[in-house]
Amino acid sequence: MSRKIWVFDTTLRDGEQVPGAKLNLSEKLEVAQQLKKLQVDIIEAGFPASSEGDFNAVKEIAQKVGNTDDITITALARAVKADIDSVYHSVKHAEKPLIHMVLGTSDIHVEKKFGKSKNQILDIGVEAVKYAKTLLPDVQYSTEDASRSDFEYLWSTIEAVVKAGATMINVPDTVGFAEPEEFGELIFKLNDRLKNLNDQVLLSVHCHNDLGMATANTLAAVKNGADKVECTINGIGERAGNAALEEVVMALNTRASVYGAHTNINSKEIMNTSRLVSSLMGLEVQVNKAITGDNAFAHSSGIHQDGLLKSRDAYEIINPTEVGLDDMELVLTARSGRHAVKDTLRKLGFGQLTEEQFEAIFAEFLILADKKKEVYNYDLYVIVKNYFAGQNEHNQSVQDYADNFYELVDLQVVSNTMFPSASIKVKKGNDVLKSSAVGTGPIDALYSAILEIVDMDITLLEYKISSVSRGKEALGKVKVVVEFNGVKYNANATDTDVIKASALAYINAVNNIVVENLLPVS
Ligand code: KIV
Ligand code: ZN
């Protein structure tokens with residue numbers, strides 16, 4: 001039978017420790033509300049003793065997000081009375097509050113960090129748990145640096161704090177030193193003794209990613225009896241980060257027969273949560289990051305696209321819709337083969353092309369793909385239109401369709417603190433359209449000017465700019481995500497001029513909307 005694994009999210013505590021990622025109160029609340037939609041079991045909302053701001057944020061989250069009994073709100077304390085009081089006074093407003101305290105068990109922590117004996121540290125831990133239990137029934141004890149601790153001392157600590165009333169024991173691999181097989185064995189031995197001592201106490205793990213093994217260690221722990229996993233969104237956290245929630249959850253879902261375990265996570269909210277955390281904290285997700293990276297579900301090589309079109313399971317182990325993405329993304333690039341291009345043309349209504357026509361169009365596609373890097377559906381319309389025009393074949397419907405797309409002709413953007421403004425000239429069919437606008441910044445002005453021309457109710461959801469090469473000729477890549485009529489559209493553009501790349505990306509997104517709302521050529 002499948003075991004339930006509790007998911008404890010520490011994005012707002014361990015994740016927020018990343019330099020520069022600090023959030024203000026309303027941002028923390030927004031992330032916590034999204035974590036609730038994701039259906040995590042426990043939110044660690046902060047470290048309230050660290051500042052008044054953090055205390056207030058934890059309190060607000062306890063009141064506004066912890067107002068139901070299907071989510072627990074906790075916060076971190078060191079094993080000292082003042083910290084425990086801070087946690088208590090901030091989380092007590094939740095329906096299900098939990099006090100989380102941490103104290104090291106490795107020789108390095110006991111002797112070097114605290115300069116005390118093992119017995120002294122153990123007594124401090126026990127007293128802290130006893131005190132916390134006078135405030136709340138649920139108390140988690142974290143044995144910091146557990147993976148580098150002497151096993152028998154680690155167990156004596158766990159035994160003593162459980163007898164003092166701890167209801168959850170968390171075993172951290174604080175410095176990401178553990179190795180999956182070894183960590184699995186540690187959890188197996190601890191779980192065996194713990195369940196004999198008190199089978200109501202949950203055994204939890206908290207793994208760091210210093211050797212890139214946080215997810216593997218967490219999963220090894222689940223296989224060996226851990227009941228609960230501590231994770232962060234996008235794997236953010238101290239140094240190399242923590243186990244990524246999306247990786248652990250999707251591994252448990254995808255390899256259910258291996259782990260025999262499940263979580264309560266609503267995986268369709270994974271991408272929304274990842275994007276929110278990334279944009280509010282200003283921490284970009286690496287493009288090839290498992291599950292939440294931009295390329296995690298994008299297939300660009302011809303061989304792969306060909307295989308996918310024949311049978312999706314050839315190169316796809318997770319349907320992208322399961323994590324809240326649109327369906328399979330086939331990016332047409334210079335490496336896309338004939339099969340992928342033919343399939344896209346067929347979907348656009350050009351299924352009747354002769355071999356000779358297709359080969360000519362495919363040759364044009366390759367030339368454009370070399371220049372543009374990514375070719376969109378509307379580009380294919382234009383290629384087909386130009387092909388028929390070159391052949392002097394009258395194909396009015398192709399002509400009409402292709403005339404619906406926008407093409408950048410020129411732009412001017414002025415950046416200043418008073419009136420950032422932009423003027424833009426675009427072509428649509430034979431019409432040349434111009435517009436100017438001011439905005440809160442140069443990109444806002446640019447996008448307002450484009451919107452005035454296209455006259456569509458488009459909302460910009462995401463704007464991301466990154467460098468894709470080095471030096472003076474560095475290319476800037478802009479990615480935008482927009483929403484139109486409740487549907488999300490992505491588009492990219494690359495140019496040495498980042499303002500031009502921004503305009504092109506937005507126009508690509510507009511053209512994607514146009515193409516989706518046109519019927520295929522019949
Ligand atoms: O890494 C760690 O040991 C921690 C504890 C507070 C659980 O973050
Ligand atoms: Zn940690």
Side-chain angles (χ1 to χ4, degrees), residues 6-19 21 40-50 54 58 72-80 83-84 86-87 90-91 98-110 112-114 121 124-125 128-129 132 138-149 153-154 157-158 161 166-178 183 186-187 190 202-215 217-218 221 226-245 247-248 281 283:
W6 297 77
V7 177
F8 176 113
D9 182 276
T10 181
T11 304
L12 292 173
R13 199 277 298 164
D14 213 317
E16 218 217 9
Q17 288 171 209
V18 175
V40 304
D41 298 290
I42 304 172
I43 294 178
E44 184 166 50
F47 181 22
S50 67
D54 220 39
V58 175
T72 296
I73 307 295
T74 192
L76 184 66
R78 289 162 296 192
V80 295
D83 277 25
I84 296 170
S86 266
V87 170
S90 54
V91 300
L98 166 77
I99 294 174
H100 175 198
M101 72 180 70
V102 59
L103 188 60
T105 46
S106 67
D107 290 357
I108 303 170
H109 279 237
V110 171
K112 297 195 181 144
K113 190 170 137 187
F114 298 113
I121 290 293
I124 292 172
V129 172
D138 291 326
V139 174
Q140 163 161 302
Y141 192 91
S142 280
T143 52
E144 192 177 15
D145 207 14
S147 54
R148 293 193 301 167
S149 302
Y153 177 66
L154 176 62
T157 304
I158 293 173
V161 297
T167 50
M168 291 180 198
I169 296 296
N170 184 40
V171 179
D173 178 27
T174 302
V175 288
F177 181 72
F183 195 62
L186 172 67
I187 297 304
L190 289 177
L202 289 187
L203 183 61
S204 165
V205 292
H206 174 110
C207 299
H208 276 271
N209 205 30
D210 299 66
L211 292 172
M213 296 197 282
T215 299
N217 285 330
T218 304
D227 306 295
K228 170 173 155 287
V229 292
E230 297 202 353
C231 303
T232 58
I233 302 300
N234 299 329
I236 61 170
E238 276 287 335
R239 307 178 309 281
N242 290 65
L245 180 146
E247 293 175 14
V248 172
M281 291 192 164
L283 299 173

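All residue numbers in this chain count up from 1 along the given sequence. Basis for what follows: all heavy atoms, side chains included, without hydrogens, waters or symmetry-related copies. As the structure lists them, so they are numbered: ligands from 1, and atoms in each ligand from 1.
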Requested in this report: Could I get the full list of side-chain hydrogen bond (donor to acceptor under 3.5 Å, both in side chains) partners for Gln140, not counting sequence neighbours?
Outcome: His100, Lys228, Glu230

Query raised in the report: Within the distance-only criterion (no hydrogens, no angle test), does the side chain of Asn217 pair as donor or acceptor with the backbone N or O of Cys207 below 3.5 angstrom?
Result: no

Requested in this report: Report yes or no: does Thr74 contribute a side-chain atom to a donor-acceptor pair with the main-chain N or O of Leu98 at less than 3.5 Å?
Outcome: yes

**Report entry** Contacts of the Zn ion (ligand 2) with protein N/O/S atoms, counting only those under 2.8 Å
**Finding:** Asp14 OD2, His206 NE2, His208 NE2

Using a cut-off of under 3.5 Å, which N/O atoms of ligand 1 pair up with protein N/O atoms, and what distance separates each pair?
residue  : atom  : partner : partner atom : Å
ligand 1 : 1 (O) : His206  : NE2          : 3.2
ligand 1 : 1 (O) : His208  : NE2          : 3.0
ligand 1 : 3 (O) : Thr174  : OG1          : 2.7
ligand 1 : 8 (O) : Arg13   : NH1          : 3.4
ligand 1 : 8 (O) : Arg13   : NH2          : 3.0
ligand 1 : 8 (O) : Asp14   : OD2          : 3.0
ligand 1 : 8 (O) : His206  : NE2          : 3.1

Query raised in the report: Where the side chain of Ser106 meets the backbone of Ser149, is there a donor-acceptor pair that is under 3.5 Å apart?
Result: no

Query raised in the report: Can you name the ring-ring contact (aromatic ring centres under 6.0 Å, His included) partners of Phe183, sequence neighbours left out?
Result: none

Query raised in the report: Between the side chains of Thr232 and Asn242, is a donor N or O closer than 3.5 angstrom to an acceptor N or O?
Result: no

Query - Smallest separation among heavy atoms of Asn170 and Ser204, with atom names - result: OD1-OG, 2.8 Å

Query raised in the report: Within the distance-only criterion (no hydrogens, no angle test), does the side chain of Thr174 pair as donor or acceptor with the backbone N or O of Asp145 below 3.5 angstrom?
Result: yes

Query raised in the report: What is the distance from atom OG1 of Thr105 to atom OH of Tyr141, rounded to the nearest 0.5 Å?
Result: 8.0 Å

